[in-house]
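All values reported here derive from a predicted model rather than from experimental measurement.
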Amino acid sequence: MGRYNPKTTEPKWQKIWAEKQVFKTDFDPEKPGFYILEMFPYPSGKIHLGHVRNYSMGDVIARYKKAKGFNVLHPMGWDAFGMPAENAAMQLGSHPAKVTYDNIAVMREQLQQMGLSIDWSREFATCDPDYYVHEQRLFLDFYAKGFVDRKKSYVNWDPVDNTVLANEQVIDGKGWRSGAPVERRELSQWFFKITDMAEDLLAAIDDGRLDGWPDNVRLMQKNWIGKSYGLKMTFPISGEPINGFSGIDVFTTRPDTLFGASFVGLSPDHPLVETLAATDPALADFVEECRKTGTTEEAIERAEKKGHRLSIEVEHPLIPGKKLSVWVANFILMQYGTGAVFACPAHDQRDLDFARKYDLPIIPVVLPPQEDPKTYTIDEDAYTGTGTLFNSEFLDGLSVDEALKKIIKHIENKGIGEGTTTWRLRDWGVSRQRYWGCPIPIIHCKTCGTLPVPAESLPVKLPENVDFSKPGNPLERHPTWKNTICPKCGKDAKRETDTFDTFVDSSWYFARFAGPSSDAPTNRKEVDYWLPVDQYIGGIEHAILHLLYARYFTRMMKACGHVGLDEPFKNLFTQGMVTHATYKSATGEWLFPEQVENRNGQWVEIDNGAPVTKGAIEKMSKSKKNVVSPEVIAETYGADAARWFVLSDSPPERDVEWTDSGVEGAWRLVNRIWDMAAGHTGLLDGLDVGQIDTLTGPGDKNLRRTTHQTIEGVSSDIENFRFNKAIARIYEFLGHIKKADEASKPALAEAYSALIRMIAPFTPHLAEECWQVLGGEGLVANAPWPSYNKDLLGSETIILPIQINGKKRAELEISPNLNREEVEALALSNNSVQRHIEGKEIRKFIIVPGRIINIVV
RNA sequence: GCCCCUGUGGCGGAAUUGGUAGACGCGCUGGAUUCAAAAUCCAGUUCUUUCGGGAGUGUCCGUUCGAGUCGGACCAGGGGCACCA
């Protein structure tokens, strides 16, 4: 037998799997279905290590479940709409469709070379009109059901390019191309009313529907939805009403601190502020200044706290005669609550920072335990903990919880406010002013208003001849595309030129896979059989947005009869990211890792020796160029070694920092297994796989015990996503097989048969080749998973560590079924134990059966 | 800033969830094989030591017979923050 050559072996088996349609899946109500799905990739051009890791994990599960007798659905498609293709069109002049489909062709080839057990017959891209026509149909259904809304919201506006920018395109508050300071601008946009379902999206997190999800993801979603109960109340404006406002409605989750109120703060986007700014140039300047912060919560929160005092004052609702100043503050978000707050600086850090800056009063009203009300003061830090109310009239002496209840009741009784539930979650804005997305099927008519495109006119296809020479939305400036006629009155009308957020595309693709050629958006019969996805796998970076939108979308689809369930993903596994250091040239451009090297401790560009700044270790992303291509590994060592390697070292949920070392080890393993198999040609000839497990032979107890222990361990490791541990076990098993010289042929056959079937999910090509050489029946891809016999797992003796005062001093090898007294006697007779307890009194004798002995002296 | 996560030898990591810290792999050292090399195989590898032992899981403090694991405070790194996907 020659050396193992993946270059010929891997394509050979891929061809055989394809010809025999081993991974093609059909609806079969007789068999239990198992739907495994990895988050589908954006076709960026080449697969990267994150993909290899993600799809290798999914493939292990898919092949394992198939071996366990499930009808496995393991599809693949492309999240194909999005900004990068449109940017490429602007920079290189190529059409987004061409760029996208070219990239898909390359990446499909690369994925196929990995030997994944995917049913390629179900493949689609979200930019296929055959896919997005159904997205438009779904939208019409949602529109009819009242799930869709049109309202104003803020976007990043580049005043030079006259275009809307994505958050990613805003760098230090400036447009990425123009360099102009970006403004926050209001625009009418389409929304899905996700807040209407906030209650159920939240409830499902804790009522068992998401029990198969990781706790941290559930917690993140819970915090994101952000249900909170508080008080909405009015602070009357002193004197005459201003511009029709007689009071300011504020929302607070800490009404217990009402007597510590120091001032009232308004968002720069608050309607009252807008009316005042019309006649107050200084205020208008301040508001404009605030709007330069951009739209992200992060930017607003991190910006230096700034305020502008208004000329109006409000009255404290419970303290007659007390007036509070009113400020516009840049950190107050219009989207949350009422866009106005009352501030209690003593018990809120942001309010405290603001109060210190503008010299506003600080009145503590919650006294921490063990503090004296006469001497208690607030220094650097606001006190946000629990305690006893003081300085608060009728609330004095109450706990925070009691005070919250009492004050809400009190305000409600006075009729100046009410207890209210608010949500952090905002409606989902789906409008994008871009070309490369699914057109929103809406028609604007001057007489009839806004109308949905009639279902029979779908799809609304993207025009192909578009102009990318300038920034802005090509659909908007296309000479003819937006011209249409009103479906109601027949007069000239305009198409909606916004396209969908790409999160819409990825919110239902999993349902489409269960019937990819259906005339309706979904094939109900197949959807009911396959869904929910039994195992969903993807990056932790999608923990909130994608997963929350998909959960909401599924509810909307259910309401329209397209699916029969609320929660699309039964079990979720979030893998860690593949990270790598970033490198920046002296001119501030990102560099690929292969462009730089370390010379005497200094990072330089290989081409010209120019100095390079090594930046943070971040998730691999094309925009920062800190990517390592898996091609080199696959070309040198083959797909199996690459798959084995990405799963072998790190626990799957953890981030991995990529290093080159270690691939060699995977390559060695491939060869080692091949050599072992090649040394036992025909070992499995004529043996029925199912029968091997019951064979017995003399003198090979140890080998059989190891074989069955390994089967048990590897099976549970795979079920629990502990691929690194499964692999470690296989390494140990290899060592045992090699040393089992005296084992009989049947025991050896059992070991080899189990070994090859256990490595098959990890290194499928190698497994097929070995299976063939050993004389296994059929394809290992179709072979059942090895089973183990519980009776063969146990060993005759166990090793019990002995501790004296919690420190290990000796070991005891005993039979596991000795009783307590016998163990105690054996322990005390041990030499090392005697030396350590000599002359001391035994105060406690702890025996944890099968675990440990601890003697306290 | 807010929410979530992570931290163990030279490196990636393991530890049955409170019970022998360092499985397995990488790297390194020594040996075998070879004309030589590659490949392969075998052995060793937390630090320290007067060879009895002592120290040790980011830092400090606590709970316990016993802490990598539980609690508190802190430090460092990563992810998300609604138009990157």
Worksheet item: Looking only at heavy atoms, what is the nearest atom pair of Pro652(A) and Asn724(A), with distance?
Response: CD-OD1, 4.1 Å

So which protein N/O to nucleotides 6-9 of chain B N/O distances come out below 3.5 Å?
residue: G7(B); atom: OP1; partner: Arg654(A); partner atom: NH1; Å: 3.3

Worksheet item: Base, sugar-phosphate, or nothing: which does Ser648(A) touch, judged by heavy atoms less than 4.0 Å apart?
Response: nothing

Discussion item. Salt bridge check, Asp675(A) against Arg672(A): does any charged N sit closer than 4.0 Å to a carboxylate O?
Written reply: no

Worksheet item: Under 4.0 angstrom, heavy atoms only, what part of the nucleic acid is Arg668(A) near: base, sugar-phosphate, or nothing?
Response: sugar-phosphate

Return all side-chain donor-acceptor pairs below 3.5 angstrom for residues 171-178 of chain A, not counting sequence neighbours, or 'none' if the list is empty.
residue: Ser178(A); atom: OG; partner: Asp158(A); partner atom: OD1; Å: 3.0
residue: Ser178(A); atom: OG; partner: Asp158(A); partner atom: OD2; Å: 2.6
residue: Ser178(A); atom: OG; partner: Ala180(A); partner atom: N; Å: 3.1

Discussion item. Output the rounded distance in Å from CD1 (Ile847(A)) to P (G66(B)).
Written reply: 18 Å

Worksheet item: Given the P atoms of G72(B) and G9(B), what is the spacing between them in whole Å?
Response: 25 Å

Fill in: Separation of G12(B) P from Leu669(A) CG (nearest whole Å)
22 Å

Discussion item. Can you measure Asn671(A) atom CG to A38(B) atom C1' for me and round it to whole angstrom units?
Written reply: 13 Å

Residues 295-302 of chain A side chain polar contacts: donor-acceptor under 3.5 Å, at least two apart:
residue: Thr295(A); atom: OG1; partner: Asn156(A); partner atom: OD1; Å: 3.1
residue: Thr295(A); atom: OG1; partner: Asn167(A); partner atom: OD1; Å: 3.3
residue: Thr296(A); atom: OG1; partner: Ala299(A); partner atom: N; Å: 3.0
residue: Glu297(A); atom: OE1; partner: Arg424(A); partner atom: NH1; Å: 3.2
residue: Glu297(A); atom: OE2; partner: Arg424(A); partner atom: NH1; Å: 3.3
residue: Glu301(A); atom: OE1; partner: Arg350(A); partner atom: NH1; Å: 3.4
residue: Glu301(A); atom: OE2; partner: Arg350(A); partner atom: NH1; Å: 3.1

Fill in: Short side-chain donor-acceptor distance under 3.5 Å, Gln221(A) and Trp213(A)
no

Worksheet item: Quick one: is A39(B) close enough that its OP1 or OP2 comes under 4.0 Å of any side-chain N or O from Arg672(A)?
Response: no

Worksheet item: In chain order, what residues pass the ring pair (Phe, Tyr, Trp, His ring centres under 6.0 Å) check against Trp423(A), with sequence neighbours excluded?
Response: none

Practice prompt. Using the P atom on both, measure C51(B) against C41(B) and round to a whole Å.
Written response: 39 Å

Nucleotide N/O of nucleotides 53-58 of chain B paired with protein N/O under 3.5 Å:
residue: G53(B); atom: OP1; partner: Arg835(A); partner atom: NH2; Å: 3.2
residue: G54(B); atom: OP2; partner: Arg809(A); partner atom: NH1; Å: 3.2

Worksheet item: Using atom C1' of each nucleotide, how far apart are G68(B) and U46(B) to the nearest Å?
Response: 14 Å

Practice prompt. Any salt bridge (Lys or Arg N to Asp or Glu O under 4.0 Å) involving residues 843-855 of chain A? Give me the pairs, sequence neighbours left out, ordered by first then second residue.
Written response: none

Worksheet, complete the sentence: Across every strand shown, the nucleotide meeting Watson-Crick or G-U wobble geometry with G27(B) (both distances under 3.5 Å) is U45(B)

Worksheet item: Mind checking who U33(B) pairs with, Watson-Crick or G-U wobble, both distances under 3.5 Å?
Response: none

Worksheet item: Just checking, is any N or O donor in the side chain of Trp436(A) or Thr100(A) under 3.5 Å from an acceptor N or O on the other one?
Response: yes

Worksheet item: Which label fits G77(B), syn or anti, where anti is any glycosidic angle not within 90° of 0?
Response: anti

Worksheet item: Short question: side chain of Lys227(A), backbone of Leu202(A) - any donor-acceptor pair under 3.5 Å?
Response: no

Practice prompt. Go through the structure and list residues passing ring pair (Phe, Tyr, Trp, His ring centres under 6.0 Å) with His48(A), not counting sequence neighbours.
Written response: His51(A)

Worksheet item: To the nearest angstrom, how far is Asn805(A) atom CG from C65(B) atom P?
Response: 12 Å

Worksheet item: Taking the chi torsion of G9(B), is it syn (within 90° of 0) or anti (everything else)?
Response: syn

Item to complete: Quick one, give me the B/S/- string for nucleotides 15-23 of chain B, reading 5' to 3', where B means a protein heavy atom under 4.0 Å from the base and S means that only happens at the primed atoms, P, OP1 or OP2.
Response: SB--BB--B

Item to complete: Rounded to the nearest angstrom, tell me the gap between atom CG in Asn720(A) and atom P in A14(B).
Response: 14 Å

Discussion item. Can you check the distance between U40(B) and U33(B), where both ends of the measurement are the C1' atom (answer in whole Å)?
Written reply: 9 Å

Worksheet item: If we ignore angles and hydrogens, is there a donor and acceptor under 3.5 Å between the side chains of Asn54(A) and Gln575(A)?
Response: yes

Worksheet, complete the sentence: Rounded to whole Å, the CD-P distance (Glu653(A) to C5(B)) equals 13 Å

Worksheet entry | With Phe503(A), the ring pair (Phe, Tyr, Trp, His ring centres under 6.0 Å) member among Tyr552(A), Tyr549(A), Phe553(A) | Tyr549(A)

Worksheet entry | Tyr42(A) versus Ser506(A), side-chain donor and acceptor atoms under 3.5 Å | no

Worksheet item: Under the rule syn = chi within 90° of 0, otherwise anti, which is U20(B)?
Response: anti

Item to complete: Can you see which heavy atom on Asn473(A) is nearest to which on Thr497(A), and at what distance?
Response: ND2-O, 2.9 Å

Discussion item. So, using salt bridge (charged side-chain N to carboxylate O under 4.0 Å, His left out) as the criterion, who are the partners of Lys725(A) when residues are at least two apart?
Written reply: none

Practice prompt. Would you give a per-nucleotide map of nucleotides 45-50 of chain B, 5' to 3', where B means the base has a protein non-hydrogen atom under 4.0 Å away, S means only the sugar-phosphate does, and - means neither?
Written response: ------

Item to complete: Sticking with atom P, work out how far G77(B) lies from C83(B), rounded to a whole angstrom.
Response: 29 Å

Worksheet entry | Steps toward salt bridge (Lys or Arg N to Asp or Glu O under 4.0 Å) verdict (Lys193(A), Asp427(A)) | CA-CA 5 Å; Lys193(A) 295 198 258 182; Asp427(A) 278 337; over 6 Å; no

Worksheet item: What string of B, S and - do you get for nucleotides 73-85 of chain B, 5' to 3', when a contact is any protein heavy atom under 4.0 Å?
Response: -----SSSBBBBB

Worksheet entry | Nearest-Å distance once atom P is located in both C84(B) and G18(B) | 42 Å

Worksheet, complete the sentence: The Watson-Crick or G-U wobble partner of G1(B), with both key distances under 3.5 Å, is C81(B)

Discussion item. Parallel, tilted or perpendicular: which one describes the rings of Phe354(A) and Phe331(A), with boundaries at 30° and 60°?
Written reply: perpendicular

Worksheet entry | Candidates Lys357(A), Arg356(A), Gln349(A) - the one meeting side chain to side chain donor-acceptor pair (under 3.5 Å) with Asp353(A) | Gln349(A)

Worksheet item: For U6(B), which nucleotide in any strand shown is its Watson-Crick or wobble partner with both distances under 3.5 Å?
Response: A76(B)

Discussion item. Taking U64(B) as the reference, what is the distance to G19(B) when you measure between their C1' atoms (whole Å, please)?
Written reply: 12 Å

Worksheet item: Whole-Å distance between G12(B) C1' and Ile727(A) CD1?
Response: 13 Å

Worksheet item: To the nearest Å, how far apart are Phe645(A) CZ and G25(B) C1'?
Response: 10 Å

Item to complete: Please collect all side chain to side chain donor-acceptor pair (under 3.5 Å) contacts where either partner lies in residues 726-736 of chain A, sequence neighbours excluded, each pair once.
Response: Trp644(A)-Tyr731(A), Asp717(A)-Arg729(A)

Item to complete: Could you give the distance separating G7(B) and G12(B) at their C1' atoms, to the nearest angstrom?
Response: 14 Å

